[in-house]
Each structure stands twice: as C-alpha cells, then as structure tokens.
Amino acid sequence: MNLKQYIADLNQQYRTGLAREHSYRPALKDLLQSLLPKMVVTNEPAHFECGAPDYIISREKDHLPVFFVEAKDVNDADLDGRNKNGHKEQFDRYKQALDHIIFTDYLDFHLYEYGEFIDSVRVAEIKGNNIVGIDGAEEKFAGMIEHLATSAIQSITSASKLAKLMAAKARLLANIIDTAMNDEAETYENDNLQGQYTAFKDILIQELTKSEFADIYAQTIVYGMFAARLHDETPEDFSREEAAKLIPKTNPFLRQIFNNLAGNDLDERIAWVVDDLVTVFRATNLQKIMDTYSTDKRHHDPMIHFYEDFLSEYDARLRKAKGVWYTPQPVVEFIVRAVDEILKTDFGLPEGLADYSMVEREVVAEQSRDRRTADGMKHMKQRFHRVQILDPATGTGTFLAEVVNQIYDHFRGQQGIWQQYVEQHLIPRLNGFEILMASYAVAHLKLDMLLTETGYQHKSDKRLHVYLTNSLEESTRNPHTLFAQWLSREASEANVIKRDYPVMVMIGNPPYSVSSNNKGEWISGLLDDYKKNLNEKKLNIEDDYIKFIRLAQYYVERNGEGIVAYISNNSFIDGITHRQMRSELMRAFDKIYILDLHGNSRKLESAPDGSKDENVFDIMQGVSINIFVKLPKKQ
C-alpha cells in the first residue's frame with residue numbers, strides 16, 4: 001500500500017459518516033507494514049485496552065520494539081498532549097517512557113523522541129465530505145518513517161538518565177498491570193494475574209490493593225532486569241531469556257518469576273514493555289554509570305544506591321511511605337563493628353561475628369504430631385550456629401553485606417578455608433526478611449555478587465536465607481496456584497526461622513511509619529507489653545519502628561541471650577507515652593547503649609558548637625543508634 005491508497009481507504013471510511021478512531025486502524029497498519037517490510041507492525045486491541053500505544057513496530061529478527069504510534073480520531077485537536085482535559089496524562093506517560101513515538105489523527109503525524117518534539121507532517125486534510133491528500137507530503141512522511149526504522153537508541157552513560165528511563169517504563173508497566181487487573185474478561189492471562197495478586201494478599205500483605213500490587217510487579221521486573229544486566233558480560237545480545245539465566249540459583253523464588261518472564265507464554269500486554277527495556281539495557285554503559293557512584297563517598301555501594309535513585313524517580317511518595325532510605329555507610333559500619341566487639345567482650349566469643357560455635361535447641365518436627373506436647377506437635381533436638389544474625393527489615397541488604405565484609409576480614413589470604421566457611425558456617429546463619437519485592441531482589445543479587453567478589457564459588461544451589469515475608473506476621477494460608485506455591489514455600493521457609501532459629505543478633509534499620517499497616521494479632525499482642533498502665537488518651541506506640549524493636553526483644557528473650565543493634569526513630573528515648581516501653585527494655589536487657597544522633601527538624605536544636613542540627617537521613621524525624629545487650633544467664 002502506498003500513501004495514495006491509504007488516503008483513499010481513509011476517505012472511504014470517512015464518507016460513511018459512521019467511522020470512529022478504530023475504523024481507520026487497519027489502513028494505517030497496512031501502510032506502515034508496506035513501508036517497513038523488515039519490521040513487524042502490531043495493532044492488538046488487548047494491548048491498547050490496557051494502556052499500550054496503538055501500534056508497536058518491532059524488528060522481525062528479535063521482536064524488540066523500535067518505535068510506537070498512538071492514534072486518535074480524525075481531526076483530533078490535542079496531538080501534542082497539552083490539554084489537561086485531553087491527552088496530557090496519557091501522552092506524558094508515553095513521552096517519558098518511550099524513546100520514539102508518533103502521535104497521529106491519521107492525517108497529521110507528530111514525532112517525539114526522548115520526550116521532545118522533533119517534527120510533524122500532514123499527509124491529508126478534510127475538504128467538505130472528503131479526505132484528500134496534500135501535495136508533496138509523501139516524501140516527507142516516508143523520510144520520517146525511514147528515520148525511525150534506522151534510528152539506534154542513544155548510548156546511555158548517565159545514572160540520572162537511566163533512572164528516569166527505568167522509572168518511566170516502570171510507571172507505564174504499572175499502569176498497564178493496574179488496568180489489566182480490572183479487566184473482567186475470563187482469559188488465561190487475567191486469571192494468572194489475578195492469581196498472583198491473590199497470592200500476595202493471602203500470603204504476604206493482607207491489605208494489598210490492586211494498584212499497590214501493580215507497583216510491586218512493575219518495580220520487580222524493571223529493577224530485576226537491571227540487576228540481571230549488571231551481571232551480563234555480553235550486553236550486545238542481552239534479552240529477557242538471558243536475564244532469567246543470570247538470576248542466581250541462590251534465589252529460587254526470583255528465578256521462577258524471571259523464568260516466567262522469559263517464556264513464550266508471557267502476557268503480551270506486558271511483554272512489549274519488557275522487550276523495550278531490553279533495548280535500553282543493551283544501549284547502557286553500566287560500568288561507566290556504576291563508576292560515577294564510586295567517586296561519590298555518599299554512595300558506597302553503586303547497585304544498591306542506584307535503587308534509591310530509581311525509586312525517587314519512580315515515586316518519591318512511595319519511597320517515603322515504605323521507608324526506603326539509604327543508611328549512610330559509616331553508620332552501618334559502626335553498628336556492625338559494635339556488634340562484633342560486644343560478642344568478643346561480653347559473650348566471650350574471640351571471633352566475634354565470625355564465630356561458628358554450635359548450640360542445641362528443641363524444634364518442631366515438620367508434619368509430625370504428638371498429643372502429649374503443649375502445641376500438639378512432635379519436637380526434636382537440632383543443632384544451630386550460636387551466632388544467628390537476622391535483619392528483619394533487610395531492604396537492599398546493606399547491613400547483611402557489611403556483616404559479610406566484617407567476617408571476610410578474618411579470612412583474607414585464606415581462600416581455601418573461606419570457600420568451606422561460607423558454605424557451612426556463614427550462609428546458614430545470615431538471615432534477612434523483606435516485604436518489598438524489588439528491595440528483596442536487590443538484596444539477593446547484591447549478596448550473591450559480594451560473595452562472588454570475595455572469591456566464593458557457588459558450587460551448590462544452596463539458597464541465601466533472605467526471604468520475602470512480613471517479619472511482623474506469620475503465614476498460615478494454603479496455596480491454590482503455582483505462583484502461590486512459590487510464594488508459600490518462601491513464607492514457609494521464613495517461618496522456620498521465625499519459629500525455630502535461636503536468633504542472637506537482631507540488626508538493621510527498621511521502617512518508621514506512624515500510620516502503620518502492620519496490625520496483625522500476633523505483633524499487636526506483643527506490643528501490649530509497651531502499653532500497660534499508661535492511662536493516656538493517645539498512645540504513640542503503633543509506629544512500625546516500635547513494633548520492630550518489640551520483635552527484636554521477643555527473639556532475644558526467647559533465645560535467652562543476644563544483641564539488638566538498630567538505627568531508628570529516636571522518639572522513644574524521651575516520649576511520654578513510651579515510658580512503659582523504656583521500662584520493658586530496661587527489664588529485658590542487661591546493657592543499653594543509645595547514641596542520640598538528634599536531627600529532629602521540629603525541635604530546632606543546635607549542635608554543641610552552635611551549628612545547625614542535621615540528620616544523617618533526608619527526613620524530619622530525629623534518629624538514634626540503639627544497642628541492647630542481654631547477657632547469658634550465668635553472667
């Protein structure tokens with residue numbers, strides 16, 4: 001089909017007086033396909049009904065998207081998306097996420113590249129009751145399409161540019177998933193998506209909304225692809241299939257998700273965005289981007305802190321709501337060193353965090369019942385490492401990574417011993433819980449990469465003990481779908497740690513959230529100990545950070561000895577309604593160290609030298625480093 005035939009087809013439809021936007025779609029598809037014989041032009045209703053552009057033009061050889069076309073009705077008045085009551089919201093989303101896109105009303109074609117207007121060409125106009133061609137337009141239109149067909153994506157060497165691109169594509173993906181979640185048609189794709197959402201609600205986050213699930217899913221795909229690309233030594237042939245292979249076997253849950261992404265049966269409504277991400281990552285010089293972080297002392301760990309930048313671009317409000325804040329490396333190092341020193345001096349463990357002595361504990365025998373016991377389950381003796389470490393809000397794995405670094409210092413130059421030590425004495429006692437799937441993915445990949453950098457070789461499929469679970473809840477629901485089975489297995493393995501492991505060290509930076517959504521019966525029951533006899537009209541005890549302190553107290557008291565080492569909100573130090581909490585902590589622990597870092601912008605405090613009081617985080621609430629020590633009974 002040439003342009004003259006295209007206009008004739010448009011005119012035929014227009015003259016009926018019944019034509020709508022979709023009536024002209026076949027003609028434009030045929031025109032584009034005739035101009036692009038080595039491309040595949042897709043115009044799939046299921047795509048654009050869920051928020052994708054009307055036309056996706058892909059390379060025939062690998063089906064990677066090259067450019068996009070969004071079509072509106074003939075004589076549309078807002079092809080540049082400036083009208084808030086017109087197409088602005090939709091067009092802005094496309095401009096931010098898609099490098100090359102044409103907006104058209106079938107007569108006028110407006111080209112945008114990297115969010116900027118480039119050129120336009122009008123190929124026809126309405127005269128009376130007819131659509132007629134404009135002389136000289138054919139050559140310019142053909143040139144625009146040829147330009148797009150041969151355009152190579154610009155090389156990406158800027159961290160901020162990559163963060164913006166990834167965030168834009170994640171927002172687009174989240175919008176598509178959110179729209180698809182409300183599609184009531186009974187299809188395999190819809191059932192699959194609904195099943196995954198239901199699994200998350202049943203097993204992980206009971207209050208999860210469809211929009212929040214869309215956020216989780218989009219972030220995990222986009223950032224998981226980034227992390228996989230970071231592991232890729234041959235970026236020129238990077239693909240979603242290769243991404244699945246690059247996910248380490250030490251994380252079976254994430255690997256199963258990406259194996260699903262790599263398959264031919266991936267939901268087509270999602271597949272085109274994932275493939276568009278592939279083209280971005282192929283053109284990205286990740287080494288150069290990561291090197292820019294190494295010159296910035298604030299960013300000690302490039303991969304983890306790029307996630308903070310990505311989330312800021314994706315949704316700064318979400319980042320604040322979920323408490324995703326980079327813990328300054330000096331703070332992390334101080335806390336880890338302090339724990340190491342206390343283990344040596346107060347617990348008589350000369351190796352500190354590297355200690356691998358064993359203890360024996362009574363645990364529940366899985367699926368074995370005994371009516372003679374209080375819980376109706378059979379019990380047995382099991383040996384554990386004494387220094388079990390748990391970060392209950394591990395985020396991107398910053399604290400666990402520093403624990404690895406601290407321990408590795410004992411083994412430098414002893415590579416043969418290190419390999420065996422990691423396998424037998426480090427992985428089995430390094431534990432982390434995380435509820436945000438993207439952070440969880442980053443933590444796994446980061447720890448895997450760090451262990452590899454130390455010289456450890458993954459000779460087995462032994463998984464890392466970082467689990468996708470809610471630290472403040474326990475899962476008891478049975479899975480009904482394959483995805484739910486994967487998630488339930490993750491939760492079940494985490495529950496073994498919650499139930500049986502003699503956790504000795506609780507470490508990390510728990511989230512701060514006054515309006516906590518964690519209102520489960522179990523943690524609320526524990527929190528009652530901090531509310532006894534207060535007789536206050538308003539109790540400021542429901543903040544998540546307080547629940548995580550109570551959680552840590554529970555683990556250490558159950559174990560009979562241990563250390564809690566958190567950086568947290570400091571309101572509990574002198575808060576009126578926190579007096580019972582302070583009393584409980586003094587009862588439960590033998591030594592309490594608090595380093596008040598101040599930083600509360602509402603108090604308008606000054607430093608001792610008169611200078612401005614500043615926070616170590618970019619937040620208004622003051623913070624403190626808290627170390628609580630419960631000594632063995634004999635001491």
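With rounding to the nearest 0.5 Å, the separation of NE2 in His410 from CD1 in Ile417 is 13.0 Å. With rounding to the nearest 0.5 Å, the separation of CG in Leu246 from CD in Glu233 is 9.5 Å. We find the CG-CG distance between Leu400 and Leu426 to be 9.5 Å, quoted to the nearest 0.5 Å.
Annotation for Ile177 and Ala218: closest pair CD1-N, 4.3 Å, computed over non-hydrogen atoms. Minimum interatomic distance between Met225 and Val274 (heavy atoms only, all atoms of both residues): CE-CG1, 4.0 Å. Here the closest heavy-atom approach between residue Leu447 and residue Gly397 is recorded as CD2-O, 4.4 Å. Across Ala180 and Asn190, no two heavy atoms sit closer than the pair O-OD1, 3.9 Å. Across Gln96 and Ala168, no two heavy atoms sit closer than the pair O-CB, 3.0 Å. Minimum heavy-atom separation, Met39 to Ala149: CE-O, 3.5 Å.
Contact annotation: the side chain of Ile176 approaches that of Trp272 to within less than 4.5 Å [non-hydrogen atoms, C-beta and beyond]. Leu468 places none of its side-chain heavy atoms less than 4.5 Å from the side chain of Leu254. Under the 4.5 Å side-chain criterion, counting only non-hydrogen atoms from C-beta, Ile101 is in contact with Leu98. A 4.5 Å side-chain heavy-atom check between Pro235 and Arg282 finds every atom pair outside the cut-off. The shortest side-chain heavy-atom distance between Ile389 and Arg429 falls under the 4.5 Å cut-off. Considering only heavy atoms from C-beta on, Glu242 comes within 4.5 Å of Asp237 through its side chain. In this structure the side chain of Leu464 reaches within 4.5 angstrom of the side chain of His444, judged on heavy atoms. Residues Glu70 and His87 have side chains not in contact (no heavy-atom distance under 4.5 Å, counting atoms from C-beta outward).
Taking the six-membered ring for Trp, Phe68 and Tyr94 have ring centres at least 6.0 Å apart. No close placement of the Tyr456 and Trp418 rings is indicated, their centers lying 6.0 Å or farther apart. For His100 and Phe67, the ring centers sit 6.0 Å or farther from each other. Taking the centre of each ring, Phe411 and Tyr408 stay at or above the 6.0 Å mark.
Of the possible donor and acceptor atoms, none in the side chain of Ser439 sits under 3.5 Å from a partner among the backbone N and O of Gly395. Glu189 places no side-chain N or O within donor-acceptor distance of the main-chain N or O of Asn192, the cut-off being under 3.5 Å. A donor-acceptor pair is defined here as one N or O able to donate and one able to accept, closer than 3.5 Å; no such pair exists between the side chain of Asp54 and the backbone of Val69. Judged by distance alone, with hydrogens and angles left aside, the side-chain atoms of Tyr55 form a donor-acceptor pair with the main-chain N or O of Arg25 at under 3.5 Å. Listed for the Arg229 side chain is a donor-acceptor partner under 3.5 Å among the backbone atoms of Phe281. At least one donor-acceptor pair under 3.5 Å links the side chain of Tyr421 to the backbone N or O of Ala354. Looking at Lys169, its side chain does come within 3.5 Å of a backbone N or O of Ala97 through a donor-acceptor pair. Formation of a donor-acceptor pair under 3.5 Å by the Tyr197 side chain with backbone atoms of Leu208 is found in this model. A distance-only check finds a donor-acceptor pair linking the side chain of Gln194 to the backbone of Met181 [under 3.5 Å]. At distances below 3.5 Å, not a single donor-acceptor pair connects side-chain atoms of Thr394 with backbone N or O atoms of Glu434.
Partner Asp275 forms a side chain to side chain donor-acceptor pair (under 3.5 Å) with one of His63, Arg240, Arg59 and no other, that one being Arg240. In summary, of the residues considered (Ile507, Thr398, Asn405), a side chain to side chain contact (heavy atoms under 4.5 Å, CB included) with Val332 occurs for Thr398 alone.
Listed by chain and residue number, Lys140 satisfy the salt bridge (charged side-chain N to carboxylate O under 4.0 Å, His left out) test with Asp119 (two or more places apart in sequence, or in another chain). Legend: residues meeting salt bridge (charged side-chain N to carboxylate O under 4.0 Å, His left out) with Glu146, ordered by chain and number and at least two apart, are absent.
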Tell me, with the steps shown, if Asn175 and Thr179 meet side-chain contact (heavy atoms from CB on, under 4.5 Å). CA-CA 6 Å; Asn175 180 264; Thr179 304; 4.0 Å; yes

Kindly determine whether Ser160 and Ser158 satisfy side-chain hydrogen bond (donor to acceptor under 3.5 Å, both in side chains), including the steps that lead there. CA-CA 5 Å; Ser160 62; Ser158 159; 3.0 Å; yes

Test log, rule side-chain contact (heavy atoms from CB on, under 4.5 Å), inputs Arg412 and Thr454: CA-CA 9 Å; Arg412 291 188 187 275; Thr454 65; over 6 Å; no

Walk me through it: do Tyr223 and Phe226 pass the test ring-ring contact (aromatic ring centres under 6.0 Å, His included)? CA-CA 5 Å; Tyr223 207 84; Phe226 165 79; 5.0 Å; yes

Determine, step by step, whether Leu162 and Val280 satisfy the side-chain contact (heavy atoms from CB on, under 4.5 Å) criterion, reporting the C-alpha distance in whole Å, the side-chain angles of both residues, the deciding distance to 0.1 Å, and the verdict. CA-CA 8 Å; Leu162 181 60; Val280 170; 4.0 Å; yes

Please step through side-chain hydrogen bond (donor to acceptor under 3.5 Å, both in side chains) for the pair Thr327 and Asn509, ending with a clear verdict. CA-CA 7 Å; Thr327 309; Asn509 174 14; 3.0 Å; yes

Would you check, one step at a time, whether the test side-chain hydrogen bond (donor to acceptor under 3.5 Å, both in side chains) holds for Glu333 with Gln406? CA-CA 9 Å; Glu333 291 174 359; Gln406 179 76 25; over 6 Å; no

Given side-chain contact (heavy atoms from CB on, under 4.5 Å), test Ile435 with Tyr440 step by step and report yes or no. CA-CA 7 Å; Ile435 198 169; Tyr440 158 86; over 6 Å; no

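A cation-pi arrangement is not found for Lys95 relative to Tyr114, the charged atom failing to lie both closer than 6.0 Å to the ring centre and inside a 45° cone about the ring normal. For the pair Lys498 and Tyr467, the NZ or CZ position fails the cation-pi test of under 6.0 Å to the six-membered ring centre and within 45 degrees of the ring normal.
At a cut-off of 3.5 Å, with distance as the only test, a side-chain donor of His147 or Glu113 sits close to an acceptor on the other residue.
With salt bridges taken as basic N to acidic carboxylate O contacts below 4.0 Å, none links Asp178 and Lys210. The pair Glu493-Arg463 meets the salt-bridge criterion, with a side-chain N (NZ, NE, NH1 or NH2) lying under 4.0 Å from an Asp/Glu carboxylate O. Under a 4.0 Å N-O distance rule, the pair Glu60/Lys38 does not qualify as a salt bridge. Salt-bridge check for Glu241 with Lys245: failed, with every basic side-chain N at 4.0 Å or more from each acidic carboxylate O.
Annotation: Gln420, atom CD; neighbour count of heavy atoms from other residues, nucleotides and ligands within 6.0 Å does not exceed 12.
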